[in-house]
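One structure is given below, encoded as structure tokens.
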Number of protein chains: 2
Amino acid sequence: MVFKNGSSNQVISPQQQYRMIHDIYVLLQDGDSRVLRKFDLTSSQYGLLMLLDLEKGQRLVDLSERLMLARSTITRIVDQLEKRDFVRRVPDPEDRRAQRVILTELGAERREEAHVAHEESLQRRLSMLSDDERRQLSGLLSKMRLALHADLSSIS
Amino acid sequence: MVFKNGSSNQVISPQQQYRMIHDIYVLLQDGDSRVLRKFDLTSSQYGLLMLLDLEKGQRLVDLSERLMLARSTITRIVDQLEKRDFVRRVPDPEDRRAQRVILTELGAERREEAHVAHEESLQRRLSMLSDDERRQLSGLLSKMRLALHADLSSIS
DNA sequence: CAGAAATTGTTGCGCTCGCAACAAATATAA
DNA sequence: TTATATTTGTTGCGAGCGCAACAATTTCTG
């Protein structure tokens, strides 16, 4: 597959813009799973672990919102991580419906190992942009995310 | 979920950059499937249809590469579309292993309907960026895509 | 307060997708 | 040419995910 040179900077159609984001997402995701597979973690499992702490923990519904995954999916990811003793469910003292997910010591260790490798990989794969370009990108993406989220909320 | 204001333009970490792209992809994808559901099409089915024509057609392996989906997945999407008479498999005259997928008249009609709606939706959802910002974004994303693709190729 | 509505987490079910293995055909090597 | 390797498309299988329905709790309303 051959991509056009990035320096042309012509106006692109929404379709092209969309395709580009799609491709980048897939490419990032692919490299990601490669790295995390060494630690027997999926991207979602890793993403969930990264939101946890050793004390207060997080409710499943909050994890669901932050990861943009269905509540049922979170239930299953927590099941998997709990089986491996990376995570524990503890009852929420303030709400008897809720559970709080906390990291175990083992989970914290494994997460740290994966985190180092993931960080290093991302650093390498995203090094094509200068600090200045990264700043630009940051601004543009934030703007998009905000607007897309608002648009979505206005519909559902 | 609350996102930070996009105008701060500070340097962001690779992790944040990654999360932003992830979120935008999910948000775009979500709006997309909403629109396409009205036409009983998934994003992948739609994406595949958009690559076809009425004459020469496309080989499945080429569709696989362009959509970045596994060959087996393409087989199944073509199966689905063929059942609905949107698409036909015809033998490749130059290679007896290959099949060429072509649009039917019906498929072309349905695709056009979906295309109009999809275009309109994308236009609306991506209208938060000015032409100038779009140009910037285009350049940055192309650069990322190129580099990520190169990185991936160097590994596998 | 009582009843209705909303929220939290779980389960069943179905869909999408990738991986590995395969047969048929083609391309490459000796 | 013959033998080997590669490519094309398909299938079986399993993983990941969302939706709808549910019970247990909490919150809202009258």
Side-chain angles (χ1 to χ4, degrees), chain A residues 1 22-23 25-27 29-34 36-37 40-49 57-84 87-102 152 156, chain B residues 1 22-23 25-27 29-34 36-37 40-49 57-84 87-102 152 156:
Chain A
M1 198 171 2
H22 170 267
D23 290 355
Y25 173 75
V26 173
L27 290 167
Q29 179 67 32
D30 188 284
D32 244 47
S33 15
R34 256 169 230 275
L36 295 173
R37 194 175 312 131
D40 264 307
L41 289 172
T42 65
S43 300
S44 298
Q45 290 170 344
Y46 175 74
L48 195 150
L49 283 178
Q58 301 283 332
R59 299 186 314 159
L60 279 85
V61 68
D62 295 330
L63 296 170
S64 164
E65 282 198 10
R66 293 195 56 184
L67 294 172
M68 299 208 258
L69 294 173
R71 291 197 309 273
S72 56
T73 301
I74 300 296
T75 292
R76 284 166 190 129
I77 295 176
V78 171
D79 285 347
Q80 296 161 359
L81 294 173
E82 202 168 27
K83 242 175 239 154
R84 295 167 68 182
V87 129
R88 256 205 340 269
R89 270 182 250 241
V90 298
D92 186 318
E94 297 163 12
D95 186 341
R96 289 193 299 165
R97 290 171 302 183
Q99 311 249 26
R100 293 196 164 268
V101 184
I102 59 174
L152 185 65
S156 59
Chain B
M1 202 171 359
H22 170 267
D23 290 356
Y25 173 76
V26 173
L27 289 167
Q29 179 66 32
D30 188 284
D32 244 47
S33 16
R34 255 169 231 273
L36 295 173
R37 192 176 311 132
D40 264 306
L41 288 172
T42 65
S43 300
S44 298
Q45 289 170 345
Y46 176 73
L48 195 149
L49 284 177
Q58 301 281 335
R59 299 187 313 160
L60 279 83
V61 68
D62 295 329
L63 296 170
S64 164
E65 281 198 11
R66 293 194 55 186
L67 294 173
M68 299 207 259
L69 293 174
R71 292 198 307 276
S72 57
T73 302
I74 300 295
T75 292
R76 284 167 190 129
I77 295 176
V78 172
D79 285 347
Q80 297 162 357
L81 294 173
E82 203 169 26
K83 242 176 238 154
R84 294 166 70 181
V87 128
R88 256 205 340 269
R89 271 181 250 240
V90 299
D92 187 318
E94 297 163 12
D95 187 338
R96 290 193 296 166
R97 288 171 302 185
Q99 311 248 27
R100 291 195 164 270
V101 185
I102 60 174
L152 186 63
S156 60

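Each chain gets a letter, A, B and so on, in the order the sequences are listed, and its residues count up from 1.
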## Note on the structure
Taken to the nearest whole Å, NZ/K83(B) to C1'/dC15(C) is 13 Å

### Task
Give a yes or no on whether a donor-acceptor pair under 3.5 Å exists between the nucleobase atoms of dC19(C), that is its base, and the side chain of S72(B).
yes

### Task
Measure from CD1 on I74(A) to P on dT11(C) and round the result to the nearest Å.
15 Å

### Task
Applying side chain to side chain contact (heavy atoms under 4.5 Å, CB included), run through V87(B) and I102(B) and close with a yes or a no.
CA-CA 6 Å; V87(B) 128; I102(B) 60 174; over 6 Å; no

#### Entry: Side chain of T75(A) (C-beta onward), nearest among dT11(D), dC17(D), dG9(C)
dG9(C)

### Task
Would you mind checking if E82(A) and R89(A) are paired as a salt bridge, meaning a charged N to carboxylate O distance below 4.0 Å?
yes

### Task
Send over the distance from L81(B) CG to dG9(D) C1', rounded to a whole Å.
16 Å

### Query
Can you find a donor-acceptor pair, distance only, under 3.5 Å between R76(A) side chain and dG9(C) base?
no

### Query
Could you state the CG-P distance from L41(B) to dC15(C), rounded to the nearest angstrom?
16 Å

### Message
Ignoring hydrogens and geometry beyond distance, is the side chain of R97(B) in donor-acceptor contact with the base of dG9(D) at under 3.5 Å?
### Response
no

### Message
By nearest atom, which of the nucleotides dG9(C), dC17(D), dG18(D) is closest to the S44(A) side chain?
### Response
dC17(D)

### Message
Regarding L69(B), tell me which of base, sugar-phosphate or nothing describes its non-hydrogen contacts under 4.0 Å with the strands shown.
### Response
sugar-phosphate

### Query
Toward the 5' end of DNA chain C, which comes first, R37(A) or T73(A), by nearest nucleotide?
T73(A)

### Message
Closest-nucleotide mapping onto DNA chain D: is R59(B) or R96(A) further toward the 5' terminus? I mean the 5' end.
### Response
R59(B)

### Query
Going through the checks in order, is the side chain to side chain contact (heavy atoms under 4.5 Å, CB included) test met by S43(A) and L36(A)?
CA-CA 7 Å; S43(A) 300; L36(A) 295 173; 4.1 Å; yes

### Message
Between P on dA15(D) and CG on L36(A), what's the gap in Å once rounded to a whole number?
### Response
18 Å

### Task
Look at the side chain of R100(B) and the base of dG9(D), then say whether one donor and one acceptor between them are separated by less than 3.5 Å.
no

#### Entry: D92(A)/R96(A) salt bridge by N-O under 4.0 Å criterion
no

### Query
Is Q80(B) touching bases, backbone alone, or none of the nucleic acid, heavy atoms closer than 4.0 Å?
sugar-phosphate

### Message
In whole Å, I'd like the distance from the CG atom of D92(A) to the P atom of dA24(D).
### Response
19 Å

### Task
Output yes when D79(B) and K83(B) qualify as a salt bridge under the 4.0 Å nitrogen-oxygen rule, no when they do not.
no

### Query
According to the interplanar angle, ranging from 0 to 90°, do the rings of H22(A) and Y25(B) count as parallel (below 30°), tilted (30 to 60°) or perpendicular (above 60°)?
tilted

## Note on the structure
Separation of dT11(C) atom P from Q99(A) atom CD, nearest Å, is 11 Å

### Query
How is D95(A) classified with respect to the nucleic acid when contacts are heavy atoms under 4.0 Å: base, sugar-phosphate, or nothing?
sugar-phosphate

### Query
Nearest-Å distance, CD (Q29(A)) to P (dG18(C))?
11 Å

### Nearest to side-chain heavy atoms of A70(A), which nucleotide of dG18(D), dG18(C), dT10(C)
dG18(D)

#### Entry: Out of dG18(D), dG9(C), dC17(D), whichever nucleotide has its closest atom nearest the side chain of A98(A)
dG9(C)

### Query
Looking at dC17(C), dG9(D), dC17(D), which one has an atom nearest to any side-chain atom of L60(B)?
dG9(D)

### Message
Just to be sure I understand the rule, does R71(B) reach a base, reach only the sugar-phosphate, or reach nothing, if contact means heavy atoms closer than 4.0 Å?
### Response
base

